[in-house]
Amino acid sequence: MEFTKRILITGGAGFIGSHLVRLFVNKYPNYLIVNFDKLTYAGNLENLSDVDQKSNYRFFKGDICSPEDIQKAFEEYEISDVIHLAAESHVDRSISGPMEFVKTNVIGTVNLLERARGAWSEGEHVFHHVSTDEVYGSLGETGLFEESTAYDPRSPYSASKASSDHFVNAYFHTYGLPVKLSNCSNNYGSHHFPEKLIPLMIHNIQNNQPLPVYGKGENIRDWLWVVDHARAIDTIFHEGRLGESYNVGGLNEWTNIELVRFLCRLMDEKLGREKGESEKLITFVKDRAGHDMRYAIDASKIEKELGWKPSVTFEEGLSKTVDWYLNNQGWLEKVTSGAYQEYYQKMYS
Ligand code: NAD
Ligand code: TYD
């Protein structure tokens, strides 16, 4: 079969990447989808067991820090487009070890940009860089992040993502590389590694372990269902303007403590526990260093220009998410064995 596009999706074995790969492989049988992933602790090929036999899917085990790996994948599959998600993605890990974030998120991104610049001299191409709203810093009680909000990253993670965004924009202005960017709020959904708030709490509620809420739990995040983020990337990749960035979010702000309480109530119901039982597990712990107070996205550009909006309410999305974890205990058990135990001890003991 002659494929009309040959897309390299980096980080396709991770949380958001696997949802994007699934969407593209199923929706676009005429595209070749190459999942380029190093399979770090956060990458798991089982996330794709329902699509990995499809004829338009390939897996390439590679490291974006290696220009040779990238060149090999570009040549082997004649890559026409890139959707770049591979990254170190956890703020707490970036605080204990920032260098890995500089290597993967900054140098890895520049390696990819360099290869795309070298390979794409003619024809139509897109380099879509997937980034975060955390590059904008921290909001007070009011206001929303707009595309024009000045970058003000505060954590090593957000600083590395901000730097990668700047390189992507620099390649557009300097070399005319056909880039697009998206900056999304916090995602939740199935296949989410339980180092992040929602899957960690689901795992601990299920196992009757303490629920570690940082500080007073007053920090606010804007939550979006991961499938809606994948839909947004699809829309921007196909219809967004070159050189533009699009904010993606759910208009769905929650303080951490309210969110954890809501999850407790939902899981009490689903697990047949008495009302209020899981909430007893809530434990306030030492706050994260430099903890950003509030993130909230103004998504009116993508809504007005490209017609995207979230497809589910938070209540629906969270209920589906909890169901997935309860029905896929094996997945959680596997990813929380071994190195996860060491990580958990180090962070929470
Ligand atoms: P994740 O940590 O779940 O997955 C990252 C993936 O990248 C893993 O499969 C990992 O194996 C792979 N990877 C890491 N280093 C690599 C390297 N050197 N070479 C090749 N592959 C490598 O991350 P996620 O939550 O799915 O996030 C994906 C992207 O979306 C990231 O760029 C992140 O900054 C961005 N983002 C995430 C969120 C969120 O809420 N999770 C929100 C907005 C933006
Ligand atoms: P996280 O899922 O790590 O995402 P991010 O830091 O990128 O927003 O954390 C979401 C919020 O939850 C953040 O304010 C930190 C807080 N948090 C806790 O209170 N306890 C935890 O154990 C974790 C992992 C996060």
Side-chain angles (χ1 to χ4, degrees), residues 9-21 35-45 47-48 60-66 69-70 73 83-95 100-101 103-105 107-109 111-112 129-135 138 155 157-158 160-161 164-165 182-189 191-201 203-204 210-224 226 229-230 232-233 247-249 254-257 259-260 282-288 291-295 297 344 347-348:
I9 298 187
T10 70
F15 166 48
I16 302 170
S18 60
H19 284 275
L20 186 72
V21 167
N35 170 13
F36 181 103
D37 200 296
K38 182 182 171 185
L39 300 181
T40 67
Y41 77 92
N44 185 350
L45 284 179
N47 293 353
L48 290 162
F60 187 102
K61 187 167 190 297
D63 184 346
I64 57 169
C65 296
S66 158
D69 285 359
I70 297 172
I83 307 181
H84 175 36
L85 295 98
E88 287 295 333
S89 68
H90 189 37
V91 173
D92 292 320
R93 286 184 195 255
S94 82
I95 294 170
E100 212 44 45
F101 286 69
K103 284 187 200 149
T104 300
N105 299 0
I107 297 172
T109 299
N111 283 338
L112 277 167
H129 179 59
V130 176
S131 193
T132 166
D133 61 351
E134 302 189 27
V135 298
S138 181
S155 73
Y157 164 65
S158 55
S160 68
K161 291 297 291 188
S164 68
D165 290 11
S182 48
N183 295 83
C184 187
S185 64
N186 288 62
N187 286 209
Y188 69 93
H191 305 91
H192 202 182
F193 193 79
E195 62 186 354
K196 307 274 169 59
L197 181 73
I198 289 183
L200 187 140
M201 295 297 168
H203 178 245
N204 287 14
L211 308 179
V213 174
Y214 296 166
K216 294 182 184 157
E218 287 168 346
N219 304 66
I220 293 174
R221 298 292 182 264
D222 169 7
W223 294 94
L224 181 71
V226 63
H229 185 193
I233 295 171
N247 281 353
V248 184
W254 287 74
T255 62
N256 293 335
I257 186 64
L259 170 49
V260 173
I282 292 175
T283 311
F284 293 95
V285 298
K286 187 167 171 275
D287 209 351
R288 172 188 281 172
H291 196 173
D292 287 341
M293 184 43 91
R294 176 171 166 255
Y295 303 146
I297 281 271
Y344 200 86
M347 297 299 294
Y348 295 99

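One is the number of the first residue; the rest follow in order along the sequence. This structure is a prediction, so every number in the text was calculated from the model and none was measured. Order of listing sets the numbers, starting from 1, for every ligand and every atom in it.
Protein residues are said to neighbour a ligand when one of their heavy atoms lies under 4.0 Å from it; for ligand 1 these are Gly11, Ala13, Gly14, Phe15, Ile16, Asp37, Lys38, Leu39, Thr40, Ala42, Gly43, Gly62, Asp63, Ile64, Leu85, Ala86, Ala87, Ser89, Thr104, Val130, Ser131, Thr132, Tyr157, Lys161, Cys184, Ser185, Asn186, Asn187.
With sequence neighbours excluded, no residue satisfies salt bridge (charged side-chain N to carboxylate O under 4.0 Å, His left out) with Asp292. Listed by chain and number, the residues in a salt bridge (charged side-chain N to carboxylate O under 4.0 Å, His left out) with Lys196 amount to none (sequence neighbours excluded).
A cation-pi arrangement is absent between Arg221 and Tyr188 under the rule of less than 6.0 angstrom and at most 45 degrees off the ring axis.
If you take OG on Ser164 and NE2 on His129, they are separated by 3.0 Å, rounding to the nearest 0.5 Å. Interatomic distance, Arg294 CZ to Asp222 CG, rounded to the nearest 0.5 Å: 9.0 Å. Atom CG of Leu259 sits about 4.5 Å away from atom CD1 of Ile198, to the nearest 0.5 Å. Atom-to-atom distance recorded for Asn105:CG and Lys161:NZ is 5.5 Å, nearest 0.5 angstrom.
Annotation: side chain of Pro212 is not in contact with side chain of Thr283 (no heavy-atom distance under 4.5 Å).
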Filter the ligand 2-protein atom pairs down to N or O on both sides and distance under 3.5 Å, then list them.
unit_1, atom_1, unit_2, atom_2, d
ligand 2, 2 (O), Leu197, N, 2.9
ligand 2, 3 (O), Arg288, NH2, 3.1
ligand 2, 4 (O), Asn186, ND2, 3.3
ligand 2, 6 (O), Arg288, NH1, 2.5
ligand 2, 6 (O), Arg288, NH2, 3.3
ligand 2, 7 (O), Glu134, OE2, 2.6
ligand 2, 8 (O), Asn186, ND2, 2.9
ligand 2, 8 (O), Arg221, NE, 2.7
ligand 2, 12 (O), Asn256, ND2, 3.4
ligand 2, 14 (O), Arg221, NH2, 3.3
ligand 2, 14 (O), Asn256, ND2, 2.9
ligand 2, 14 (O), His291, NE2, 2.7
ligand 2, 19 (O), Tyr214, N, 2.9
ligand 2, 20 (N), Pro212, O, 2.8
ligand 2, 22 (O), Pro212, O, 3.4
ligand 2, 22 (O), Tyr348, OH, 2.7

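His191 and His19 have their aromatic ring centers within a separation under 6.0 angstrom.
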